[in-house]
Amino acid sequence: MPKRFRDWKIQTKMTTLAVILVLLPILAISIIAIARFTSSLRKAAEADLEHILRNVVSICRIQQGLLQQKVTSDLVVAQTLLKTYGTHIVEDPTTVVPIMAVNQETQEARHIQVPLWRIDNKPITQTSWFVDEVQRLVGGTCTVFQRIDSVGFLRISTNVLQKDARRAVGTYIPKTSLVVQSILKNETFIGRAFVVNSWHTAAYAPLRDEQERIIGAIYVGTREQSTDALEKAIARIKVGETGYAFVVDAKGNIITHPTKAGRNVVSLDDPAESEVIAQIIKLGTKLNDNEVGTIRYPWVNVELGEKTPRMKIAKYMSFPDWDWIITAGSYEEEIYAGVGKTRLFIYPVAAAIMAVAVVVAVFLSRILTQPILNLTEITTRMARGDFSRHADTSSQDEVGFLARSFNEMARQVRDNTENLEQIVTERTTKLVESEARYRRLFEGSKDGIYISTVEGRFLDVNRSAVELFGYDSKEELLSIDIPHDLYVKPEDRQRMKDEILKKGFVKDFEQQLKKKDGTEVFVLITSNLIRDTQGKPFGYEGIMRDITERKRLDAELKKTQAYLIQAAKMRALGDLVAGVAHELNNPLMASETILHVVHENLHEDCPNRTRVELTQECNRRMAKIINHLREFSRQAKAVFEPLDIHVPIENALMIMQQQLLSRNITTIKDLAPGLPRILADSNQLEQVFLNLISNARDSMEGGGDQRTELTIQTALVKTNEQQDLEVTIRDTGSGIPKEIMDKIFEPFFTTKQVKEGMGLGLAICYGIVESHGGRIVVDSQEDRGTTFKVFLPVPRGGENVKANSSGG
Amino acid sequence: MSKQILVVDDDELVLVALVELLSPKGYRVSTALGGPQALEKIEKDRFDLLILDIIMPQMDGYQLCQRIRAMERYSEIPIIMLTAKSGEEDKERGLEAGANLFLPKPISPQRLLEMIESTIEKGQSEVSRQESE
């Protein structure tokens, strides 16, 4: 059962409450009733005890009164009797009787001598005739006292017995006693007097002589407690079943008791018992008249065979006249026996009532909670989506109202649920479609789409991104460290990050990245900054467009454009030069022609003839210059066509064949077969090779014993992705000095005499080779030889590449 | 009888120079400043040799040559063409047009004289291929 009351089931609560509501009153009433019952029983018992006591005390009092009356009248009898014997007691001073006087209180003894007393000449002292007669008449004891000033009132004749059963003659009442004092006052003392060794109801009257002097006293008395009948009656008192009354005196003697009568309290076996009785005595003696004391104590009456002590409740009164403490007590068991029985009676009844109450409570609470339980069950079903059942709305109480409300709510919930389900289905479908659409977009895009963290890891990438960077799988790409694995220079990413942070995005930001195998890729990145829910930068989402190819094409385009511009420039220049050359031709021709004529007409000795010859020389040089200019312009007007490189080579060789042979130059040809065709101007290349071969020829002019070899080689070389044709022209001539190596391609630089060369040859070669997109390099060692290498690019894609025609 | 030569060029300087060169040698030189004028002149006069420049406005040397050759009178006449330095092409076209001889510009006066001499004196045009120097 749950710990908290609140959490108990209603039924349990109600049952419990009902039970409690029934139980509490019953318990309360029972307890109160029993308490009151107990109380009244106790009161009754106590009252009973008290009554007994008071009765006993009354009886004692009555008894005592009677005794006192008796004693009074007995005294009169005694006095009267004395009077019959003589008028007065005569004291004879001449006759002295030695007596051992004993103080009756202190037992002090002393020898004294007392004058003899006579009445009618009969001696009284130490006789017993008078006192015994009195006793015979009245039944009590009688004493004649003689007043002895030194001691008190001396008993000279008595039938009071001492302990040793002898007459108490010689004992005396000390002067100090009340009795003596009363007598001396000439008063009769009636009351309790301690006579010798016990209390008596006594009467003392003064005895006077003829002179009315108090010479002694006469006593009559009855021992108190002399009535057995009272004692027996007391002993016979029963309180309840086993209760009883007993009397003890102040000295601890047990006067009456069912079992222990006659013993003294100190002599009891059980110290507990003596304790109790001593206690009673102590307290009792302090009581006033009519005051009742109460005490409770355990008591075992061994004599009756009891083993265990039982609690007694006792009341006690004192009867001081006799020094009695009268106690009446009964066993509490008995007093409350009724209570016990009643209790025993009450328990089953209470249990029965409780059982009934429980049953009724259960039943009632079931009736009350059943509708609630039903409602609970129905609502539970509803919570699970089962709207099939309806709450019972028939009753008009709060539960019915609740049921109706629930039904209404259920209906609404059902409707809402249906609506919601519909909406959710629609939305989900839309969402799934949308998701699919976007996933298609994401995956399908040919650009790389990605999401990455600020630190530099991909959170998601599409297929294109994986392919773009040459990784094998999405997982592999997701595992890389972007700044180090993707960026050629990690600081580039930081630049982009800074800009994204500032503007929130970058658009078409160019980056240089690398693939898995290290190959460079150039991308344009368009990316947004993603912030987390607290607004902190979290990552980036963006698109990477591969522009490597475009860049390459751009570069190539630029190159081509530059080339075309250059070519156009060259063409323009070429046209210009051609124009110039052409224009110059005519005046030159005219000049030459006329000079020729003049020269012819001049006599050999004429000084002008030489001058004319000089001028003709000028014309010749001009003609050469014009030729070179023409050559230059022709070069600019190159016509590019697919060409087998060996064609211009063979042509040049053929042209130079004769000259080489005539100089004994050995020609070694090493031409690689199957070389791809290149786009070139055959004439121009022929010119180049002619120039190089003639330079080689010229460098080996010395001839003689030196080896003179001209080697021409062709080969296909590959660097990166570019294929070139390499044409090597090597001679074993005089070589090129180091200091002029870097000048040889300069226009107008020549090592030849003015007449022979103008130094345009190599410059033109350089220009031609450059305009073909190739390069020309030279290596030389003095006196060993010179090697020229011409590299010409092989067009990519073979011969499908269209020729860059520059028109003609 | 002295031979009659017609020189055709669009440059007066050239014409003058050639007159200066050829006249002392005994030739009767006529000049025409371009194609149309040349055609006029050959209509009127009879010539023994023609020297044509190629590059001329209005009508180039080839055209002129063809026109001349089309005239029956001049189908056999020796024609010397003054070519530009870019050799072979001019020659081929020239041959097609009907020229016989070729001399690159700037001409060497000596060579021209020799060529004229050998052609005219022999009376028959000799087709000779001349290699460009």
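The figures here come from the full heavy-atom set of this structure, side chains too, leaving out hydrogens, waters and symmetry mates. Values in this document were obtained by computation on a predicted structure and should not be read as measured data. Chain letters run A, B, ... following the sequence lines, proteins first, then strands; residues in each count from 1.
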Enumerate, atom names and distances included, each donor-acceptor pair closer than 3.5 Å involving a side-chain atom of residues 43-52 of chain B, sequence neighbours excluded.
residue: B:D48; atom: OD2; partner: B:Q4; partner atom: N; Å: 2.7

Do B:L113 and A:H596 touch side chain to side chain, with heavy atoms closer than 4.5 Å? yes
Is there a side-chain contact between B:Q110 and A:E592, using heavy atoms and a 4.5 Å cut-off?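 They are not in side-chain contact.
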For B:R67, does the CZ atom have more than 12 heavy-atom neighbours from other residues, nucleotides or ligands under 6.0 Å away? no
Is the count of non-hydrogen atoms from other residues, nucleotides or ligands lying under 6.0 Å from A:Q659 atom CD greater than 12? yes
Minimal heavy-atom distance between A:T593 and B:A17, with the atoms involved, is CG2-O, 3.2 Å
Value rounded to 0.5 Å, distance of CE in A:M589 from CG in B:L18: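 If we round to the nearest 0.5 Å, A:M589:CE and B:L18:CG are 4.0 Å apart.
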Value for CG (B:L13) from CG (A:L588), rounded to nearest 0.5 Å, stands at 10.5 Å
Test log, rule side chain to side chain contact (heavy atoms under 4.5 Å, CB included), inputs B:L21 and A:I594: CA-CA 6 Å; B:L21 178 70; A:I594 291 175; over 6 Å; no
